[in-house]
Amino acid sequence: MKYAWWFMDQNPEDGVEIFVRSPRAKEMDSNVILDKLEAYGNNSVRIYLEYLVVNRKSEEPEHHTRLACSYIHDVQLEIERSPNGAMQQLVDEYKRCTNPSNVNENEMTFVSYLGTRYVTSNLVRARISLIRLLQRSPLYDPKTLLEEMAKAGVLDIEMAIVYGRMKRHEEALRILIHDLGDFVGAETYCVTNGQNTGAIPEIQENGVSQTSTSTVVKEDAVPIPLSAERIIERRCLFSMLLKTYLGIEDR
């Protein structure tokens, strides 16, 4: 272990691989390692947390929450590096390439639109990593993430996903409809009882994203049986969606 921390001092990005690839990796105290890695910056922390959550399938809520916070930090850094208005520009471009008056012609959610920008934008790459974790993990602490997002900037779709986990459905739908103009994402949200806003792009090794733009969500949907309670919740969600649509006329 002493050699590992010495190597971290010399080269943090390569040094963290020792804790990930070592034959003794599973025997190490992950929380102790994480606390020490904080001194070496967000990149080292993120790499180790990805190892815990993705490779070792950690079920510790703290690991999932800390990984999400690490992704939020990455997004914040990319926002600071990007030209002013870069986040709003993504929303404006999405609205221009969709036709809200005909949902049948427009099957692209805001999340799938981001996939089309993956290759050309570091900001989008950082956001997709965060969105993927937010939609697929049931273990992070939503309240903590909302607080971190408020510091990072206007993370609209990301906040909508977290609101869904907190069952703050009206706020989530308001973001999807009024802020993003993502009508397909809003309907997907209701169909999945607030668990999903659209299929997440799968990025190949060559950096090309493949996204199903269908409103029928597959790999990102949480397969929960439709109990009577969930059927009632879904009806309530579509009622909220209708009210939100009607609210567009009042704005």
Side-chain angles (χ1 to χ4, degrees), residues 16 19-20 26 28-80 87 110-111 114 123 125-176 179-180 185 188-190 192-198 200 217 219-224 229-230 233 237 240:
V16 72
F19 302 104
V20 171
K26 293 183 179 180
M28 301 176 186
D29 189 325
S30 59
N31 291 322
V32 170
I33 292 173
L34 275 173
D35 289 341
K36 290 186 177 182
L37 286 177
E38 291 285 354
Y40 295 91
N42 187 59
N43 284 346
S44 298
V45 172
R46 184 188 64 251
I47 291 170
Y48 188 65
L49 282 167
E50 287 176 335
Y51 159 71
L52 293 176
V53 172
V54 179
N55 297 89
R56 285 180 53 179
K57 311 295 182 186
S58 170
E59 295 185 358
E60 290 192 31
E62 182 182 359
H63 292 164
H64 289 248
T65 301
R66 291 180 72 169
L67 179 57
C69 288
S70 176
Y71 286 150
I72 293 171
H73 177 86
D74 288 339
V75 172
Q76 182 177 9
L77 187 61
E78 291 302 332
I79 290 174
E80 295 170 356
M87 294 287 280
F110 183 73
V111 172
L114 289 179
L123 173 57
R125 283 196 283 272
R127 293 186 73 181
I128 287 178
S129 293
L130 174 58
I131 291 167
R132 181 179 292 111
L133 179 65
L134 294 179
Q135 287 204 156
R136 293 181 177 176
S137 170
L139 297 174
Y140 57 79
D141 177 29
K143 184 178 179 181
T144 297
L145 298 194
L146 283 181
E147 292 172 356
E148 291 300 311
M149 287 179 188
K151 302 173 187 176
V154 184
L155 302 183
D156 33 40
I157 189 67
E158 295 87 346
M159 294 187 74
I161 296 168
V162 176
Y163 281 143
R165 292 300 170 88
M166 301 174 77
K167 296 191 179 299
R168 292 166 62 173
H169 299 308
E170 289 186 3
E171 291 163 281
L173 289 171
R174 190 178 303 116
I175 290 173
L176 289 165
D179 297 344
L180 295 175
T188 302
Y189 180 93
C190 294
T192 59
N193 290 69
Q195 296 295 307
N196 200 290
T197 60
I200 302 170
V217 180
E219 72 274 14
D220 302 317
V222 179
I224 301 176
E229 181 180 354
R230 290 186 62 77
E233 181 184 38
L237 280 171
M240 288 182 198

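As the structure is a computational prediction, the values presented were derived from the model and not from experiment.
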Nearest 0.5 Å, what's the [atom1]-[atom2] distance between [X] and [Y]?
X	Y	atom1	atom2	answer
L37	L49	CG	CG	8.5 Å
C190	E233	SG	CD	10.0 Å
I131	E158	CD1	CD	4.5 Å
I157	M87	CD1	CE	11.0 Å
S70	Y48	OG	OH	14.5 Å

Exercise. Any ion pair linking E78 and R125 (charged N to carboxylate O, less than 4.0 Å)?
Worked result: no
Problem set entry | Salt bridge flag under 4.0 Å for residues D29 and K36 | no
Exercise. Quick one: salt bridge (charged side-chain N to carboxylate O under 4.0 Å, His left out) pairs with a partner in residues 48-58, sequence neighbours left out?
Worked result: none
Problem set entry | Residue pairs passing the salt bridge (charged side-chain N to carboxylate O under 4.0 Å, His left out) test where at least one lies in residues 63-72, sequence neighbours excluded | D35-R66, E38-R66, E62-R66
For this session: Could you list the residues that satisfy side-chain contact (heavy atoms from CB on, under 4.5 Å) with E170, not counting sequence neighbours?
Result: R174, M240
Seminar exercise, completed: For E229, the side-chain contact (heavy atoms from CB on, under 4.5 Å) test, sequence neighbours excluded, returns S227
Problem set entry | Stepwise side chain to side chain contact (heavy atoms under 4.5 Å, CB included) test for F110 and D156 | CA-CA 10 Å; F110 183 73; D156 33 40; 4.3 Å; yes
Residues which pass side chain to side chain donor-acceptor pair (under 3.5 Å) with [X], listed by chain and number, not counting sequence neighbours:
X	answer
S30	none
D74	N42, R46
S137	H64
E60	none

Listed by chain and number, what are the ring pair (Phe, Tyr, Trp, His ring centres under 6.0 Å) partners of [X], not counting sequence neighbours?
X	result
Y71	none
Y140	none
H169	Y189

Does any non-hydrogen side-chain atom of [Y] lie less than 4.5 Å from one of [X]?
X	Y	result
L155	I79	yes
V111	I128	no
R136	I200	yes
L52	L34	yes
S129	V75	no
L139	H63	no

For this session: Using side-chain contact (heavy atoms from CB on, under 4.5 Å) as the criterion, point out the one residue from L176, T197, N196 that pairs with T188.
Result: N196
For this session: Mind running side chain to side chain contact (heavy atoms under 4.5 Å, CB included) on E171 and M166 for me, showing each step along the way?
Result: CA-CA 10 Å; E171 291 163 281; M166 301 174 77; over 6 Å; no
Exercise answer: donor-acceptor pairs, residues 143-151 side-chain atoms, under 3.5 Å, sequence neighbours excluded:
unit_1, atom_1, unit_2, atom_2, d
T144, OG1, D141, OD2, 2.4
E148, OE2, K151, NZ, 3.3

Exercise. If only atom types and distance count, is the side chain of R165 paired as donor or acceptor with the main-chain N or O of Q135 below 3.5 Å?
Worked result: yes
For this session: Say whether, by atom type as modelled, one donor and one acceptor occur between the side chain of N193 and the main chain of R230 under 3.5 angstrom.
Result: yes
Problem set entry | Residue pair A172 / A160: nearest heavy atoms and the distance that separates them | CB-O, 3.5 Å
